[in-house]
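One structure below.
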Amino acid sequence: QVQLVESGGGLVQAGGSLRLSCAASGRTFRSWPMGWFRQAPGKEREFVARVSWTTSNTYYADSVKGRFTASSDNAEKTVYLQMNSLKPEDMAIYYCAPVFGNRPIQGFGSWGQGTQVTVSS
């Protein structure tokens, strides 16, 4: 199983930027892309973005396209999510997980603790 530690969240004003990190250890599932997800209070966890470890190919949810950029550092076993032009609706706890398509792969392990992103208007 993979162990995931997300970091980099914080409080930012609308229009600001944050860079999230997700460090993976254990069985890192590097044959699968790594996805970013978020969960706002009272809402389901939703897909945000994914990035390939090997090709750096990316894919984004429409809600973040053009504002967020996912990247990976294969040597450091870490993926990043650069978030620009943040909006109040981006406020959520952000998580990472290996994905198949836009869904976490079954049996990857447990979600990390996530990292809180708070956007003030």
Side-chain angles (χ1 to χ4, degrees):
Q1 295 186 336
V2 62
Q3 288 78 48
L4 302 161
V5 179
E6 300 92 349
S7 61
L11 171 63
V12 64
Q13 287 189 331
S17 298
L18 284 172
R19 189 192 193 208
L20 307 184
S21 299
C22 167
S25 61
R27 183 185 176 190
T28 54
F29 291 87
R30 277 188 283 177
S31 58
W32 301 99
M34 187 66 81
W36 283 97
F37 297 82
R38 65 187 181 188
Q39 187 167 22
K43 294 189 176 182
E44 296 285 321
R45 188 158 16 213
E46 65 174 358
F47 169 82
V48 174
R50 68 172 184 257
V51 58
S52 166
W53 288 105
T54 54
T55 67
S56 295
N57 285 344
T58 54
Y59 181 84
Y60 301 94
D62 287 343
S63 58
V64 306
K65 201 173 294 183
R67 301 187 297 121
F68 290 12
T69 302
S71 60
S72 63
D73 186 327
N74 205 8
E76 295 295 324
K77 300 181 185 179
T78 301
V79 295
Y80 304 94
L81 187 67
Q82 177 67 44
M83 306 188 298
N84 299 329
S85 303
L86 281 161
K87 304 176 181 180
E89 51 264 43
D90 294 319
M91 186 159 57
I93 300 175
Y94 283 70
Y95 304 87
C96 58
V99 294
F100 178 74
N102 296 346
R103 296 178 178 270
I105 62 172
Q106 291 190 358
F108 79 90
S110 301
W111 293 95
Q113 84 288 351
T115 187
Q116 174 73 52
V117 171
T118 302
V119 183
S120 63
S121 56

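Because the structure is predicted, anything quoted here is derived from the model rather than measured.
- Note that the CZ atom of Arg50 and the CG atom of Asn57 stand 9.0 Å from one another [nearest 0.5 Å].
- Two different hydrophobic clusters hold Met91 and Leu18 under the rule that ILVMFWY side chains link at heavy-atom gaps under 4.5 Å.
- Side-chain contact check for Lys77 versus Ser25: every heavy-atom pair is 4.5 Å or farther apart.
- Looking at every heavy atom in both residues, Thr115 comes nearest to Ser7 through OG1-C, 3.7 Å.
- Side-chain contact check for Tyr60 versus Thr69: some heavy-atom pair is nearer than 4.5 Å.
- Between Ser71 and Ser56, every side-chain heavy-atom pair lies at or beyond the 4.5 Å cut-off.
- In this structure, Tyr59 contributes its side chain and Gly101 its backbone to no donor-acceptor pair below 3.5 Å.
- Within the 3.5 Å criterion, the main-chain N or O of Thr54 finds a donor-acceptor partner in the side chain of Ser52.
- Classification of the Tyr94-Phe68 ring pair by plane angle, with boundaries at 30° and 60°, yields tilted.
- The shortest non-hydrogen separation linking Ala97 to Pro104 is CB-CB, 4.3 Å.
- Rounding to the nearest 0.5 Å places CZ of Arg38 at 13.0 Å from CD1 of Ile93.
- Cluster membership for Val5 and Trp53, using ILVMFWY side-chain heavy atoms within less than 4.5 angstrom, is not shared.
- Rounded to the nearest 0.5 Å, atoms OG1 (Thr78) and CG (Leu4) are 10.5 Å apart.
- For the ring pair (Phe, Tyr, Trp, His ring centres under 6.0 Å) test, residues two or more places apart in sequence or in another chain that qualify with Phe47 are Phe37.
- The number of heavy atoms from other shown groups lying within 6.0 Å of NZ (Lys65) is above 12.
- In the hydrophobic cluster analysis, where Ile, Leu, Val, Met, Phe, Trp and Tyr join through side-chain heavy atoms closer than 4.5 angstrom, Trp32 is grouped together with Val79.
- Atom OG of Ser85 and atom NZ of Lys87 lie 8.0 Å apart (nearest 0.5 Å).
- Side-chain contact between Met83 and Val12: absent, with no pair of heavy atoms (C-beta onward) separated by less than 4.5 Å.
- A single hydrophobic cluster is not seen to contain both Leu81 and Leu11; linkage of ILVMFWY side chains at heavy-atom distances under 4.5 Å, directly or through other members, places them apart.
- Although no hydrogens or angles enter the test, the distance criterion places no donor-acceptor pair under 3.5 Å between the side chain of Ser21 and the main chain of Gly8.
- Side-chain contact check for Phe108 versus Val99: every heavy-atom pair is 4.5 Å or farther apart.
- Side chains of Glu6 and Gln113 form a contact here, defined as non-hydrogen atoms less than 4.5 Å apart.
- A distance of 14.5 Å separates CH2 in Trp36 from OG1 in Thr58, rounded to the nearest 0.5 Å.
- The distance from atom CD of Gln116 to atom CD of Gln39, rounded to the nearest 0.5 Å, is 11.0 Å.
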